[in-house]
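Quick caveat: nothing in here was measured; it's all calculated off a predicted structure.
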Amino acid sequence: MYDAIVLGRGPLGVYTSSKLIKKNIKILNIDSGNNLKDLRDNKKVNTNINWKSEHSAPSLDKNASEVMWNGGCMSIPVNELGTGKLKLPLKKKDYLNSIKRVKNYLKIDDFDFLENRPYIYENWQNLKGIKDDLRYTYILNDWSFQNEIKELEKNENYTFIDKLKVFKILPGETIQIECQNSDGEKITFSCKKIYICLGAIENTRLLLNNQNVLNLKDKNVGLNLSDHLRIPIGEIELANLGKFKNIFDKNENKLNDNYLLPRLVVEGNEIQSHGYFKFWRYNNLILRKFKLSNLKSRFKFSGKCTLFLFIEKPVNKKTKIRITKDNLIPEMHVDVILEDNEINQIKHLAMSYFEHLSHNYGNIIKKIEPFQINNTNNFLKKVYTANHPSGTTPMGDESKDSVVNAYSQIWGFENIYVFGSSVLPRAYYIHPTFPSMVLADISLNI
């Protein structure tokens, strides 16, 4: 019997366990470990693009996955708070206080998460000639949480069990959960509260497998699947590659010892997005071959780069997660389909970025060569998701159309919490880990 059970030992599981331990709560932290590979393989995927989660699932355990969280931190803009469809029903005061606490936990003191910009942004604007259209992803150097995990393991109130797959939740004043170990044996644990931090895909599988006892049958669990799409949309011919790169390349935007990834944001579109640039190359072969940093910084040289869009995938009826039947570890079916109308939306979005660049950076840009955006295999094979699935157990202000309330509690079950990107009502234009920690922090402070 435990005061609380935390499912998952990724960034959210570690943060949740750390907050609970400070309250002198006896907790059990469970992770699937190497069994994550079994869970990953126990799904069938139907997609016309490259859905990264088909082959990989991020983990802080290097033995469980080759994909790690890269430390990318951004927050959801405050204007996304409120009531109504696709809004987060949070109080601004609670949201801001939790941002401060998460920043303190991650030891970030030089970045404004309300604007997703460094505090010295105005100085950069004056120095680099930046327009008011950039946001940044803050990249943590220490993204593995190893020090935090060591601190947890020193505490007598913390117990960690690896290589367990959770399949059943029996709610009540005392909650029972049933797990399966590597040998196929069933193990049962009891607790007063449970915090589900398994990642969006496994959060969804577990809730689908328990939707009857959790009264989720009509809550559309799994039917709001979104993700981020990464798409190359055009080649940019530059009159002054060095100046443009100084604005938009991560290697030119360090903050103390941490990198910042510049994100070009063009607002006013129905789809939230940002743009970023890769594959920098000088036209001069000598400049490509040799470093010549001093020469490149002193003189103007032409070159090229590729513009990518980072887009929230629009939700459609064909993009969803379902299970075959209730089972120990049910087989999961995932459909991720990019439809023709979405491709047209992306085409329109790309044009808005080209127009914005021409208007705001026309003195640096010589020419923009758009790539073809259509429903051919040639285009679709270039579309990759970002391993940021979201929206499948959404948060809302009414129980009839959401799975969890503003405190991440399943409606009707105040002692069962769901943390992670699955509760985000939309993917937004941001990396989801930091805001997921903020939402968890709000819950952990009630």
Side-chain angles (χ1 to χ4, degrees), residues 3-23 25 27-31 58-60 69 71-76 78 80-81 88-108 113 140 143 145 148-149 151-152 158 166 175 191-204 206-207 388-396 402-411 413-428 430-446:
D3 295 322
I5 293 177
V6 179
L7 303 182
R9 195 156 82 155
L12 276 168
V14 174
Y15 184 70
T16 300
S17 297
S18 298
K19 293 281 289 189
L20 294 174
I21 283 294
K22 288 184 179 179
K23 297 180 181 181
I25 289 175
I27 68 169
L28 170 64
N29 187 193
I30 293 173
D31 195 72
S59 172
L60 293 180
W69 178 49
C73 296
M74 301 180 82
S75 72
I76 297 169
V78 174
E80 297 294 342
L81 308 182
L88 283 166
L90 306 174
K91 295 178 182 178
K92 184 177 178 180
K93 181 180 178 182
D94 293 340
Y95 186 67
L96 299 182
N97 286 336
S98 286
I99 283 179
K100 290 178 183 177
R101 285 190 287 267
V102 176
K103 282 179 62 175
N104 184 58
Y105 179 80
L106 297 175
K107 300 178 177 61
I108 299 173
F113 280 100
L140 288 172
W143 48 262
F145 286 82
E148 289 76 10
I149 290 172
E151 286 301 312
L152 282 173
Y158 176 80
V166 182
I175 305 168
C191 62
K192 297 175 183 177
K193 292 183 177 182
I194 186 170
Y195 299 85
I196 304 171
C197 312
L198 296 172
I201 301 300
E202 294 307 324
N203 281 359
T204 307
L206 183 59
L207 294 192
H388 295 161
S390 62
T392 47
T393 67
M395 176 182 289
S402 58
V403 173
V404 300
N405 62 20
Y407 296 108
S408 298
Q409 299 159 313
I410 293 179
W411 289 103
F413 300 93
E414 293 186 355
N415 57 353
I416 302 178
Y417 297 79
V418 183
F419 291 163
S421 62
S422 65
V423 308
L424 299 178
R426 64 188 298 175
Y428 308 98
I430 47 85
H431 292 255
T433 301
F434 183 90
S436 295
M437 293 176 72
V438 171
L439 267 58
D441 184 87
I442 291 173
S443 303
L444 293 163
N445 278 279
I446 59 175

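- With a 4.5 Å cut-off on side-chain heavy atoms, Tyr105 and Glu148 count as touching.
- Across all their heavy atoms, Pro394 and Gly391 have their closest contact at CD-O, 3.4 Å.
- In this structure Asp441 satisfies the side chain to side chain contact (heavy atoms under 4.5 Å, CB included) test together with Tyr15, Lys19, Ser98, Arg101, Val102, Asn445, sequence neighbours excluded.
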Inset, instruction - Kindly indicate, with the supporting measurements, whether the criterion side-chain contact (heavy atoms from CB on, under 4.5 Å) is fulfilled by Ser18 and Ile21. - result: CA-CA 5 Å; Ser18 298; Ile21 283 294; 5.9 Å; no
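- When all heavy atoms are compared, the tightest approach of Leu12 to Ser436 is CD2-O, 3.5 Å.
- Closest heavy-atom contact between Trp143 and Gly71: CB-CA, 3.7 Å.
- Under the side chain to side chain contact (heavy atoms under 4.5 Å, CB included) criterion, Lys91 pairs with Asp94, sequence neighbours left out.
- Using a 4.5 Å heavy-atom threshold, the side chains of Leu198 and Thr204 count as separate.
- Classification of the Tyr417-Tyr195 ring pair by plane angle, with boundaries at 30° and 60°, yields parallel.
- Looking at residues two or more places apart in sequence or on another chain, you find a side chain to side chain contact (heavy atoms under 4.5 Å, CB included) between Leu90 and Leu81, Leu88, Tyr95, Met395, Ala406, Leu439, Ile442.
- Residue pairs meeting the salt bridge (Lys or Arg N to Asp or Glu O under 4.0 Å) criterion with at least one member in residues 417-426, sequence neighbours excluded, are Glu312-Arg426.
- Residues Cys73 and Thr433 fail the side-chain proximity criterion, which asks for heavy atoms closer than 4.5 Å.
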Inset, instruction - Go through Ile5 and Ile27 one step at a time and tell me if the side-chain contact (heavy atoms from CB on, under 4.5 Å) criterion holds. - result: CA-CA 6 Å; Ile5 293 177; Ile27 68 169; over 6 Å; no
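- In this structure Tyr428 satisfies the ring pair (Phe, Tyr, Trp, His ring centres under 6.0 Å) test with no other residue, sequence neighbours excluded.
- Nearest heavy-atom pair, Ser422 versus Val418, reported as atom, atom and distance to 0.1 Å: OG-CG1, 3.9 Å.
- What you find for Ile430 and Pro435 is that their closest heavy atoms are CD1-CG, 3.7 Å.
- Side-chain contact between Val403 and Thr392 is absent, with no heavy atoms from C-beta onward closer than 4.5 Å.
- Contact between Pro389 and Ser421 at its shortest, heavy atoms only, is O-OG, 2.6 Å.
- For Trp411, the side chain to side chain contact (heavy atoms under 4.5 Å, CB included) test picks out Lys219, Ser399, Ser402, Asn405, with sequence neighbours left out.
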